[in-house]
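Notes follow once the structure below has been shown.
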Amino acid sequence: MRCGLAGLLVLSMVCCAATAAEAQQFQDIAPMLSIPGANGAAWGDYDGDGYPDLFLAANVGPSGHGPMLLRNSHIAGFTNVSAAMGFPSEQEEQDGAAWADYDNDGDLDLLVGSGAGYPRLYRRDEAQFLEVGEAAGFHVSFSAGRGVAWCDYDGDNLLEAFCANIFGPGYLMENNGDGTFTEVSVASGMAPSNAGQSASWGDYDNDGWADLVLSRRGERPMLYHNDGDGTFTEVGIAAGLGVASDTFGVAWGDYDNDGWLDCYLSAAALARDWLFHNNGDGTFTDVAATAGMADDDHMGVGVAWADYDNDGWLDLYVGNVNTYNQPFLYHNNGDGTFTDVAEMAGVGGSRPNQTAIWGDMDLDGRMDLFSGVGGPLSALFHNIGPVGHWLRVRVLTSRTGDAVDPAVPVRDAIGARVELNLDNDDAFPSGRTLTRTIDGGSGFLGQNEQVAHFGLGGSTVVCARVLFPDGSVVTHRSVPANRQITIRDIPLGRTEIFPDVPLDFWAYKAIKGCVDAGIVAGYGDGLYHPEVAVTRDQMAVYISRALAGGDDNVPEFTDTPTFPDVSEGSWALDYVEYAVSQNVVAGYEDGTYHPEYEVTRDQMAVYVARSLVAPTGEAALADYVPADPRNFPDVASDFWAYRHVEYCVENGVVAGYLDGLYHPEFVVTRDQMAVYVARAFGLTG
């Protein structure tokens with residue numbers, strides 16, 4: 001089945017129509033795409049193209065289907081790739097679903113709860129998904145159906161899973177790091193009395209350890225406080241959650257931007273839901289009534305937070321399992337109260353909504369909503385409202401804690417806490433701070449996209465900070481709005497050198513190596529300015545300091561200057577003359593040096609190649625023949641710098657771009673310069 005060949009082509013027409021009906025925020029495009037019903041669903045970019053794909057859990061009945069993977073085809077809709085990716089076609093009762101790279105191999109795997117059997121664990125191999133639940137250790141308790149949730153609760157850079165079970169105790173699966181799991185519910189303090197519906201991880205007390213809240217049918221919810229030693233203490237009553245009972249969906253979200261995660265629980269019976277405000281002292285207060293959320297005739301299920309209108313405040317969608325009650329879309333008024341705008345926004349209508357998950361399916365900066373149902377068609381609400389200012393933050397980590405190394409596979413850092421300061425202040429927490437957690441499964445039977453989405457209101461430049469589960473912290477300053485950025489983790493021992501060279505910056509090691517060797521320094525404003533183009537005088541400074549072994553070893557020049565435009569009084573005189581003495585640099589035919597000229601990649605290769613054979617210079621390169629020519633199409637054998645480029649490639653100094661070209665005409669920036677020099681002189685650590 002191909003879901004809607006017109007697919008997302010419809011979205012461009014919908015966006016045009018929005019100007020005529022600005023009050024409507026969403027349009028349901030599921031009928032155009034023929035997206036079937038599903039109890040559980042999860043957004044996840046399984047093919048790594050940047051666009052979230054959609055998994056639908058299998059169900060049974062007249063409109064039933066097997067587990068279904070819908071690939072986001074960008075402008076061509078969603079394509080059903082289930083069979084091609086190895087998923088079975090047989091119908092079965094499946095429930096919650098959540099993506100995670102549990103084996104740290106760089107691609108997403110999938111855990112699916114089952115109401116009629118053991119959970120399914122689909123591991124991604126090179127070409128397809130393979131069900132490995134039994135081999136991985138998940139055959140612990142039969143009928144462990146309902147929600148599943150991933151998180152690195154012990155900071156070992158391995159993802160653990162909690163599986164809720166409506167027929168008995170749920171279980172916590174500890175990741176052994178070898179593709180298998182060990183059930184540790186009893187050892188961790190989570191068993192035996194915890195039969196439940198949905199689970200969601202979140203650090204409610206800001207101690208750096210992920211805690212778990214569990215909704216339960218007919219019982220009060222349970223809140224497991226992470227003690228930081230692999231064990232948990234159930235504190236639901238002491239924390240104030242005991243006033244709730246008979247709950248389905250559960251989701252964490254800092255709705256009032258005070259830096260503390262609040263909790264929403266939907267009612268399983270015809271009763272009101274609960275909004276628990278985090279008091280910041282380990283306790284919660286139910287504020288649903290004062291917040292405008294106390295509905296008396298409602299059977300809530302899927303719940304999910306997202307700032308759908310990008311005003312800087314989290315809004316909330318709440319599904320309703322009844323066919324005679326419509327769902328709620330609670331717009332955050334920014335003063336602790338909410339207004340239900342479901343009908344006006346376009347997400348109303350009497351339908352049995354169950355799971356609810358948010359994701360920006362077309363990467364336009366507006367969060368879209370999937371609402372799964374048990375009937376023939378789900379709902380997919382495309383956000384067509386005003387865009388405003390926004391920022392998406394993808395957070396990556398690795399098994400080694402060194403995700404900046406391109407040789408190490410990376411995964412989405414599920415459970416990481418992402419904070420934005422709207423005043424661009426890096427002294428967290430201060431000013432206006434927004435908080436998100438990378439979702440490993442929440443709400444009811446679902447998982448939101450694993451990218452932190454922020455509406456920025458009127459802010460256009462912000463400061464971003466990520467707190468990783470292993471304790472490392474990375475800060476990016478002065479981030480412009482209306483884009484997606486990636487923040488990666490770092491080894492705990494790494495220290496900041498410049499505010500504009502984040503700890504996960506691609507050239508961090510090279511810049512740090514050059515700084516430690518006394519080769520480079522920052523500007524007067526304390527920044528490194530990695531994006532600034534390198535000029536010929538600056539290049540001479542880099543090279544001379546590297547050749548001499550530091551700035552103190554560059555000799556003072558007292559003879560007649562070689563070049564009239566680098567004469568006595570020139571700040572770079574000593575460095576240019578030392579580079580000349582080492583046969584690294586030379587002037588132009590008119591006898592000048594032109595220190596202000598920007599250096600290009602072909603010139604940089606010449607300087608570095610000569611440095612590697614200094615002080616012999618060109619004489620040592622005249623007869624050089626590459627042992628294994630790289631043969632860039634834009635650096636042919638008759639190119640003036642061919643030998644120099646090949647010599648640098650052979651010595652591991654330079655490489656081409658992803659398009660297979662070298663681009664000799666590109667201007668070299670200060671970050672690239674540091675990489676050239678650090679690699680040439682062994683300064684990368």
Side-chain angles (χ1 to χ4, degrees), residues 96 98 100 111 113 119 140-141 144 146-156 158-166 168-175 181-253 260-266 274 276 278-284 303 414-417 437-444 469:
L111 180 63
V140 176
S141 176
R146 288 304 191 243
V148 295
W150 295 97
C151 190
D152 178 11
Y153 73 82
D154 53 4
D156 63 355
L158 293 168
L159 290 172
E160 283 76 42
F162 182 86
C163 301
N165 187 351
I166 57 176
Y171 47 92
L172 179 64
M173 304 299 292
E174 173 71 21
N175 193 328
F181 294 78
T182 299
E183 199 275 321
V184 294
S185 300
V186 174
S188 68
M190 281 193 173
S193 179
N194 65 1
Q197 295 278 350
S198 297
S200 182
W201 295 94
D203 181 11
Y204 77 89
D205 56 353
N206 292 351
D207 65 353
W209 299 97
D211 313 294
L212 183 80
V213 63
L214 176 67
S215 66
R216 299 198 299 164
R217 187 74 186 268
E219 302 285 345
R220 69 169 179 85
M222 305 191 85
L223 177 61
Y224 292 100
H225 175 264
N226 190 331
D227 299 324
D229 58 1
T231 67
F232 295 81
T233 300
E234 205 286 304
V235 296
I237 294 178
L241 300 187
V243 298
S245 64
D246 204 13
T247 53
F248 260 167
V250 57
W252 296 102
W260 299 90
L261 292 179
D262 311 297
C263 184
Y264 190 92
L265 287 148
S266 63
W274 289 267
F276 287 102
N278 192 328
N279 301 318
D281 59 2
T283 68
F284 296 82
V303 297
I414 288 174
R417 180 186 179 99
T437 300
I438 304 301
D439 188 31
S442 63
F444 181 69

Problem set entry | Steps toward side chain to side chain contact (heavy atoms under 4.5 Å, CB included) verdict (M173, E183) | CA-CA 5 Å; M173 304 299 292; E183 199 275 321; 3.9 Å; yes
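- Side-chain contact between M190 and L214: absent, with no pair of heavy atoms (C-beta onward) separated by less than 4.5 Å.
- Between the side chain of N226 and the main chain of A210, a donor-acceptor pair closer than 3.5 Å is present.
- Under a 3.5 Å cut-off, the side chain of S185 and the backbone N or O of L172 do form a donor-acceptor pair.
- With N279 contributing its side chain and D281 its backbone, the two residues share no donor-acceptor pair below 3.5 Å.
- Of all non-hydrogen atoms in L111 and A161, the two that sit nearest each other are CD2-CB, 3.8 Å.
- Ring-plane geometry between Y204 and F284 is classed as tilted, the angle between the planes lying from 30 to 60 degrees on a 0 to 90 degree scale.
- In this structure, the side chain of D262 engages the main chain of N278 through a donor-acceptor pair within 3.5 Å.
- For R216, there are no side chain to side chain donor-acceptor pair (under 3.5 Å) partners two or more places apart in sequence or in a different chain.
- For Y153, the side chain to side chain donor-acceptor pair (under 3.5 Å) test picks out E174, with sequence neighbours left out.
- In this view, D205 and H225 satisfy the side chain to side chain donor-acceptor pair (under 3.5 Å) rule, not counting sequence neighbours.
- A distance-only check finds no donor-acceptor pair linking the side chain of W201 to the backbone of G415 [under 3.5 Å].
- A donor-acceptor pair under 3.5 Å links the side-chain atoms of S198 to the main chain of F248, judged by distance alone.
- Judged by distance alone, with hydrogens and angles left aside, the side-chain atoms of S188 form a donor-acceptor pair with the main-chain N or O of V184 at under 3.5 Å.
- Annotation: side chain of F162 is in contact with side chain of L212 (closest heavy-atom distance under 4.5 Å).
- S266 contributes a side-chain N or O that, together with a main-chain N or O of G249, makes up a donor-acceptor pair within less than 3.5 Å.
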